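What follows is a set of notes on a single structure, which appears directly below.
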Amino acid sequence: MNKGGKLILWQNPLDPNKPEPLQQQGCEEALPDPGLSPWRLPRNPCAEPSFLLLLIPAASCCCWCLPAWQVRACPDPVDKTQKMAELLGLGDKCGEGTSGASVLAGSCLADNRLNLDVYPDGCRWFLQLFEGRRGEVVQVEFLRLSSNDRLLGTTLGILPHLKHLKSLVLKGGHARDEFGSCQYGSLTSLPPDVGNLRCLTHLDISFNSLSTLPSCILHLPSLRMLLLKDLPQSIGELAVLQDLDLSENALEFLPEEVGNLRNCTELDLSGNCLSSIPDSLSNLKSLRRLHLHSNLLVTVPASLASLPNLSRLDLQNNCLRTVPPEIQTSPFVRLQGNPLGETEPSPQADEPSAGGLRRLFLASGEDSFTVTSEGCKVVLACGIHFYFPPGTASDPLRIYFRTLAPDPQWVKLRHHDVLLSTVLELQPHGVKFQQEVQIWLPYASPQTLHQREVVVRTFSGQSWSDLRTRVEQKRKSKKHVAHCSVLHFSWFLVVSRLVQNECKVPTEGTLLFSSVDPNIKVTFPPGVTEETRSVKLQVLPVSAEEIEEITADAGCRASPLLCLSQDSLVDFLRPVRIQLPLPPGITGLNLDRSRLHLLHGDLEGQTWDDITSQVVLEFTHLYAVFEVTHFSWYWLWYTTKTYIGGIAKKVYERLRMYQVNFIALQRKKDPEQVLLQCVPKHKVDPVLKKLQDRYRGPEPSDMVEMFEGEQFFAAFERGICIDTDRPDCVDGRLLFIFYSHLKNMKEIYVTSPVDRKGQAVKGQVSFYRGAVPESIPEDASRRRKGPDSLWLATLPIKLPRLKPRWAENPGPLNGFSFPPLNLGNAETGYLTQANLLSIARRMGADWQTIGLNLGLTYQQIERIGYNNREDLDKQILDMLFSWAQQNSEAPDCVNKLITAMKESGRQDIADEVETIIELGRQKYRESIRRVGLEQESSTEDSAIAVM
C-alpha cells in the first residue's frame, strides 16, 4: 500500500441512452465554507450524485495546499454506486463508545460552526451540547472532531441527525505516542445513515485507520470533496476509468494493479517521489498521454515506447542517466532536465573502511532501507550517513527514517541551548543492536563555538540525553557533521550547549575545574558522599558591557554564571567548597563588601535569592570562596541596588534571548501571496536582498527579543483574512516556532472580504507571543505596552484595486492591439476576434496546458510566460492570438481548438466554441436559404441550404 498521495475521482453516471460520457460544464465554488480552501471544481450537469475522491500524504493531515484535479470516469449504464462499492471492496461498520458529560463553554458553538477537534474531550463536549442544546446543534453546518477521541464511536451515531451539515472533519493526528509521533485516528468506518446527509459537500477522514471506504459515502448526493489516506490497490479494477491525475503528491511507488486500467487515456504522475514505475504500465493500450516529469526516476521500462496510442511521454526533470534506445529515439518523448550520460557520483570515504561492505545511496523520496547481518553503509539524500558494522543485526531488519521540524512540546531545549538541526526519527524505536551503529548528522554551524560545544541529543522514551559526540568537517563541502554511536534508535537532533565539565565524586573526594574559566573550581572534601556520584559543571561568561546594556547601570558588575548539577537527589554530607572570580574590575583591595551579593537561582532560573548572609564568604585578591551542600545556579553581583533578585532574573532571561526582525512581503505578480518570516538580526539584509526581485513590502519591524523554541503567532486584520483550514492555524492565526538556526517562514494566500473593484484594501499583519489573545485591538501599533504586551510587531499589507475585467474595457487590452481575425470559414462556422477574447477570459491558469495541446512547444510556452511574467492576462492573450494568427488559414483550426480544450480538461470552453460555431452555421444556412428563394436557385443550392 502506498504511503501517501492523492487520488481524485470525478464520476458522472450516464444516461443509458447516450453512448458518450457527459463532460464538465463550467466551474463553480463547491465549498460554501469560507474557512475551507478555495477549490475550483467542475459543475456536474447530471441529476445523479457525483463525487471527488482525494488522497493526501499520510504524514500530512492538511488539504489546504492541494489543487483540485479531476479524473473523468465513463461508467456502465448500471448501478454506478453499487459497482464502485464492489470495486473498492467497500463495507461499513460502526464502532460504539461510551457517553460522558462535561461542561462546555457556549462560545464553542458559534452560529453554524462547531470546532471541537482542538479539545482533548471534544466528543464528550459534543454529546453534552447535543443533549442540552439539540435545537442549535442540529442546525450546525460545519463540524470538526478529532478521531483520536475515545468517545468517537458514540458521537458517530448522532451525526445523521445533523441534516444541515455541509462540512465534516474527522481527522486523526491529534494525539502523540511516547516518542512524539502523531497517532492515527480510531475511525474504521461510518454509520450507514451518514449517507442521508444530503447537504454534505466536504468530508475529511484522513489520517485514520480505514481499511476500506465506507459504503455510505457513495450515497451522499452533494459530496464534492473527500480526503483519505491511501491509494487503494483496487484502483486497477476501475476498468472504465479514462483520466487519472495523481500529480503533486508524496507517491513513492505505484501498485502493479495500475496496469489494469485498460481504458485509461491520460495518466498524470508528475511532481511525486517515484524512483521507478511498474512494468504493468505497458498494458495500458489505450494510453495517449503519460506525464512523469518532476519525479526521481532512475529507470523506465522500454516497453512504454511500444504503447500503440501513446502520443506524449513526459520524462523531464528526473534522475535518468540512461534511457532505453526505443524511448530516447521516440519523437513524442520529452527528456530535458535529466543527467543523461553522466556517471554516478563516487562515494565519499568519510565512514570507516570496511572493504566490500554494501553501500546504499537513497534518493529524497525514499524512507526506508534493509540492514542484514553483513552490515552496510547508508547515505541519505539529506546528507545523513549511517554505518552498520557486520553483525549489527542477526536477522534482516527494515529501518524507517524521517526528518521533522522540532516541536517544543516534546523537544525540550535546556537553558542557553541553540538548536542546530532538524529532528531525525529512526524506527523501530528502541530496537537493540548487537554492535554500535555510527551516525553522521549534518548541522548548521553556530556563529561561534567559543565557550560552547556541539552534541547529539537523543530521546529514551522518557527524557532527552546527550551522546558522546565528535565534530567533523567535510573536506570537500566544508559542511559540519556531528558523529555519534548508538545501540538503539529513536529521535536525534544536534544542539549547541554550554561547555560541560564533569567528574565522578568518590567517598575520598576530588577537585573539578572549568575548562571555560580555570579560575572556577569546586572542591569535594573526603567524606562528602557515601556512594560515588556524577557531577556536572557549566559556565556562562557575562561581559560588563552586557550587564550595563541590560540594567542601564554603569555601576553593575557580575561574575561568570555558574551551574552545578548532579545525578543524585541527596544533598552532600559535607559542604562543598566553590571558588568564583570576583566581578570584572573588582579586587580584594578595593572591595566594598556591602555591595557584593551572592545569588542562588532555582533550576529554571525563575527565582534568584540573595544568600550572602546565609553562607560564609571569604575573599582573596581575585576570588570569592563559599561553601554549599546542594547544587544549582550561583552568581556573584557587585552593585549599589538593594533588590538584586529581580534584576538578576531580567538579565538571565535576556541572556537566553535572540534579537530578530519580522518581515511581511507580498509577491509582485500576485499581491495576495504573502511571505511571513522571522529573521535573526544579522540575516535581515541578506534575506531582503535575495527576495527583492520577486517580492515587495514594508521595511522590517523593530528589533524583538525571542527565546529559542518560543511560539509566536501572526494575525491578519482590517479587511484582510487568511484561510483558516491550515493545520498550523489557531483561531485564524498562524502559529510559528522560533529557532535561531532554522527557517521561520511561511508563504500563504490572504484574501479580502471587501470589494476591491472600487478601492485598494489596507490591512496589517500583527505578530505576538504566547497564547492567542481573547480579542484583537482595533488599531494595532508597532509598539504595544501594558495590556497589549504580547504584541511583538505590526506590519502593513495592501491588496491593490482589482484591474477592470476585459468586458469592462472595450479598448486595447493591457497594451495589446488585435487585428481583425476570423478562424474557420462561413460554411463550417468561424470564430471572430470577439469570440477569441471571450474564450481567453475563461482560460485562467490552464493556458499552458491548452497551448501545449494546440501544438505549441515547451520553449514557446516558456518564452510567452517570461515575456509577460508580470501579467497572467497577457500570457493568455499572447498564447491564444499567436496560435490563431499562425493557423488562420488552416481549414481545421477550429476543430483543433475544440479538441485542445477537451484534452486540457476544459469541456466548458469546448462547449462554448461549439455553440458559437453552430450559431454561425445556422446564420450561414439562413442566408443561403434566403438567397436561394429569391433567385430560384438550383437543386444543388437548395440541398446546401437545407442540409
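Every value quoted in this text rests on a predicted model; they were computed, and no experiment measured them. Hydrogens, waters and symmetry mates play no part in the numbers below; they use all other heavy atoms, side chains included.
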Partner of Cys678 under side-chain contact (heavy atoms from CB on, under 4.5 Å), chosen from Val704, Ile663, Val660:
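So, applying the side-chain contact (heavy atoms from CB on, under 4.5 Å) to Cys678 and each of Val704, Ile663, Val660, only Val660 qualifies.
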
Can you check whether [Y]'s main-chain N or O pairs, donor with acceptor, with [X]'s side chain at less than 3.5 Å?
X: Asp466; Y: Val455; value: no
X: Asn661; Y: Pro680; value: no
X: Gln666; Y: Pro671; value: yes
X: Asp367; Y: Tyr400; value: no
X: Ser632; Y: Gly601; value: yes
X: Glu705; Y: Met657; value: no
X: Asn112; Y: Glu141; value: no

Please test Phe736 against Leu676 for side chain to side chain contact (heavy atoms under 4.5 Å, CB included), starting from the C-alpha separation and ending with a verdict.
CA-CA 10 Å; Phe736 289 74; Leu676 304 177; 3.9 Å; yes

With rounding to the nearest 0.5 angstrom, report the [atom1] to [atom2] distance, [X] to [Y].
X: Leu114; Y: Leu145; atom1: CG; atom2: CG; result: 7.0 Å
X: Ile797; Y: Ser752; atom1: CD1; atom2: OG; result: 12.5 Å
X: Ile722; Y: Leu734; atom1: CD1; atom2: CG; result: 3.5 Å
X: His741; Y: Glu708; atom1: NE2; atom2: CD; result: 7.0 Å
X: Tyr695; Y: Leu675; atom1: OH; atom2: CG; result: 5.0 Å
X: Lys681; Y: Tyr658; atom1: NZ; atom2: OH; result: 12.5 Å

Strictly by modelled atom types, are Ser147 and Ser186 linked by a side-chain donor-acceptor pair under 3.5 Å?
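Note: Ser147 and Ser186 side chains miss the donor-acceptor criterion.
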
Closest approach of [X] and [Y], non-hydrogen atoms and distance?
X: Val418; Y: Ser740; value: CG1-OG, 3.4 Å
X: Gly709; Y: Tyr739; value: CA-CE2, 3.5 Å
X: Val495; Y: Leu420; value: C-CD1, 4.0 Å
X: Thr422; Y: Thr403; value: OG1-CB, 4.1 Å
X: Thr794; Y: Ser766; value: OG1-OG, 3.2 Å
X: Leu162; Y: Ile158; value: CD1-O, 3.7 Å

Side-chain heavy atoms of [X] within contact of [Y], under 4.5 Å:
X: Val411; Y: Trp491; result: no
X: Pro406; Y: Leu419; result: yes
X: Val140; Y: Leu165; result: yes
X: Asp417; Y: Arg457; result: yes
X: Gln711; Y: Met706; result: no
X: Leu159; Y: Leu143; result: yes
X: Trp633; Y: Cys563; result: yes
X: Leu156; Y: Leu170; result: yes

Can you check side chain to side chain contact (heavy atoms under 4.5 Å, CB included) on Gln764 and Leu795, steps first, answer last?
CA-CA 5 Å; Gln764 59 200 15; Leu795 295 171; over 6 Å; no

Under a 4.0 Å N-O cut-off, is there an ion pair linking Asp117 with Lys171?
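So Asp117 does not pair with Lys171 through a salt bridge.
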
Between the side chains of Glu546 and Arg654, is the shortest nitrogen-to-carboxylate-oxygen separation below 4.0 Å, so that they form an ion pair?
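Result for this pair is no, no salt bridge flagged.
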
Is the number of heavy atoms from other residues, nucleotides or ligands within 6.0 Å of NZ (Lys683) greater than 12?
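Yes, NZ of Lys683 has more than 12 neighbouring heavy atoms, counting only those of other groups under 6.0 Å.
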
Flag yes if more than 12 heavy atoms outside Glu549 fall under 6.0 Å of its CD atom; otherwise flag no.
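No, CD of Glu549 has 12 or fewer neighbouring heavy atoms, counting only those of other groups under 6.0 Å.
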
Verify side chain to side chain contact (heavy atoms under 4.5 Å, CB included) between Gln673 and Lys668, making sure each step is shown before the conclusion.
CA-CA 9 Å; Gln673 190 173 2; Lys668 291 181 179 179; over 6 Å; no

Going by the rule side-chain contact (heavy atoms from CB on, under 4.5 Å), which residues pair with [X] if we only count those two or more places apart in sequence or in a different chain?
X: Thr607; result: Asp602
X: Gln759; result: Val754
X: Thr458; result: Ser465, Leu467, His488, Ser490, Phe492

Out of Phe738, Tyr768, Phe662, which one pairs with Phe712 under the ring-ring contact (aromatic ring centres under 6.0 Å, His included) rule?
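Of the listed residues Phe738, Tyr768, Phe662, the ring-ring contact (aromatic ring centres under 6.0 Å, His included) partner of Phe712 is Phe662.
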
With side chain to side chain contact (heavy atoms under 4.5 Å, CB included) as the criterion, how do Val137 and Phe126 come out once you've worked through the C-alpha distance, each side chain's angles and the decisive distance to 0.1 Å?
CA-CA 9 Å; Val137 174; Phe126 177 83; 3.9 Å; yes

